[in-house]
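Ligands are counted one by one from 1 in listed order, and the atoms in each one are counted from 1 as well.
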Amino acid sequence: MTLAVLPEEEDIQYLRQTNYNAEVIDRIDVNDELIILRVRPDHGVTSFVPGQYSVMGLGNWEMRVPGCQEEHLEEDERQRVLKRAYSFSCSMVDENGSLRRPDEFSYFEFYIVLVRQGEKHPPGLTPRLFGLAAGDRLFVGPKATGHYTLDLVQPDDNIVMAATGTGEAPHNAMVAQLLSTGHRGQVITVICVRNRHDLGYEETHRQLEQAHGNYRHIQLTTREPENLDNSRDDFIGKQYLQDYFDSIEFERDSGISLDPQCTHVFLCGNPAMIGAPKRDAQGVLRFPKPTGVIEILSRRGFHPDERSHPGNIHYEKYW
Ligand SMILES: Cc1cc2nc3c(=O)[nH]c(=O)nc-3n(C[C@H](O)[C@H](O)[C@H](O)COP(=O)(O)OP(=O)(O)OC[C@H]3O[C@@H](n4cnc5c(N)ncnc54)[C@H](O)[C@@H]3O)c2cc1C
Ligand SMILES: NC(=O)c1ccc[n+]([C@@H]2O[C@H](COP(=O)([O-])OP(=O)(O)OC[C@H]3O[C@@H](n4cnc5c(N)ncnc54)[C@H](OP(=O)(O)O)[C@@H]3O)[C@@H](O)[C@H]2O)c1
């Protein structure tokens, strides 16, 4: 099929029918730039391991929400479906507030931030995902992928999961899995966001803390008045995860010691927060600058988990 420069409504219907395989069943707006999207594939939900991700896609013919960096598409790009990776998040509790395993939900849940401005090119997918409403169609990948999972964790290990922004998505699926299967070690989640209104799962985390003695949720902010205004009595500065793990604060707030013998750390989100090292020609780990959490924890005896060298710091970079 060939299309005119701008696809007509009829053409768009055809493109949607031939390219999409899933439906939005619910959309929760946390704020203007943060949503929880619940999606049901036509053939039902496929199984995934907590921590894994799939892809979502929408055609370039779909409208972008206003207020985003403009994009200029070539003629041959207009019929293309743009796909990006998204971690499986999880509601964690059902409508009665009862804890559920991730595989007990009849939909996929995704946690998405609107990127208005790209670093290298205009953002393509999120300005279109933010136009979706319940009943709308989209593409969802048929398979779950990724090695950012709880595979190496033993039942008595302590688990620390730290994220920036939507990087908490895979941790939510892991928390639901661990708590619902009676994990015996401590489970600590730490989330760093710009503002408190970016804490989309706050209420559920607090509910889970009340119900599970081995679960603790810690939230840090970077753009609230107490983070920015040094004339205030309660000024604390920006609460970056790197500083948090490099001080006594994490151990004070979580109540656990960062012991590499019995602790697995999971890091997800902003690559600069993670600071993933590379091996040089001699096989020596080289850390990037500025210093990320992996380097800080490595100084305390932790090791990044690599295919060739299993370790106790696991990470997933979002870009
Ligand atoms: C394995 C994996 C899992 C991911 N899971 C999620 C998820 O669960 N939720 C989610 O919102 N995104 C997730 N992402 C990022 C996602 O794939 C897209 O890149 C993002 O939604 C932006 O898409 P875009 O096309 O609008 O802009 P893009 O062109 O893809 O990105 C433009 C820029 O936006 C910034 N950016 C991208 N993603 C984020 C983010 N999540 N938070 C802050 N800034 C960001 C970066 O600076 C990036 O260079 C994941 C990425 C990977 C690799
Ligand atoms: N969340 C919002 O309220 C908001 C508002 C407008 C636009 N957006 C758009 O949404 C996108 C993502 O925003 P986001 O806030 O979810 O994700 P983000 O930019 O990755 O920020 C999440 C948290 O990580 C912190 N952070 C940033 N760089 C870091 C680093 N090098 N090391 C450690 N921590 C770091 C941020 O602090 P900082 O305060 O220093 O950034 C923030 O607290 C952006 O592209 C933006 O355009 C979001």
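For the ligand labelled ligand 2, residue Tyr244 lies outside the 4.0 Å heavy-atom shell. Under the 4.0 angstrom criterion for non-hydrogen atoms, Val193 is in contact with ligand 2. Not a single heavy atom of Lys120 sits under 4.0 Å from any atom of ligand 1. Residue contacts with ligand 1 include His121, since one or more of its heavy atoms lies under 4.0 Å from the ligand. The shell of residues lying under 4.0 angstrom from ligand 2, judged by heavy atoms, includes Asp198.
Short contacts between ligand 1 and Lys317, defined as distances under 4.0 Å to a heavy atom of the residue, involve ligand atoms 53 (C).
Taking a cutoff of 4.0 Å between a charged side-chain nitrogen and a carboxylate oxygen, Arg40 and Glu23 do not qualify as a salt bridge. Between Lys289 and Glu295 there is a salt bridge, with a side-chain nitrogen of the basic residue lying less than 4.0 Å from a carboxylate oxygen of the acidic one. Using a cut-off of 4.0 Å between Lys/Arg side-chain N and Asp/Glu carboxylate O, Arg116 and Glu33 are scored as salt-bridged. Ion pair Arg64/Glu70 not flagged as a salt bridge, since none of the NZ, NE, NH1 or NH2 atoms sits closer than 4.0 Å to an Asp/Glu carboxylate oxygen.
Of the candidates Glu316, Gln69, Arg84, the one placing a heavy atom closest to atom 23 (O) of ligand 1 is Arg84. The residue from Gln52, Glu33, Glu119, Glu71 that puts a heavy atom closest to atom 47 (O) of ligand 1 is Glu119. In this comparison of Thr145, Leu82, Leu125, the heavy atom closest to atom 24 (P) of ligand 1 sits on Leu125.
Under 4.0 Å from ligand 1, the heavy atoms of Trp319 that appear belong solely to its side chain. Counting heavy atoms closer than 4.0 Å to ligand 2, residue Arg194 contributes atoms from both its backbone and its side chain. Residue contacts with ligand 2 for Met273 involve both N, CA, C or O and side-chain atoms from C-beta outward (heavy atoms, distance under 4.0 Å). In Val113, the parts holding a heavy atom less than 4.0 Å from any atom of ligand 1 are both the side chain and the backbone.
Residue pairs that meet the side chain to side chain donor-acceptor pair (under 3.5 Å) test with at least one member in residues 44-59, sequence neighbours left out, do not exist here.
Centroid-to-centroid, the aromatic rings of Phe108 and Tyr86 stay 6.0 Å apart or farther.
Taking a distance limit of 4.0 Å, we find that atom 31 (O) of ligand 1 is approached by no protein heavy atom.
Remark: minimum distance from atom 41 (N) of ligand 1 to any protein heavy atom is reached at Thr166 OG1, 2.9 Å.
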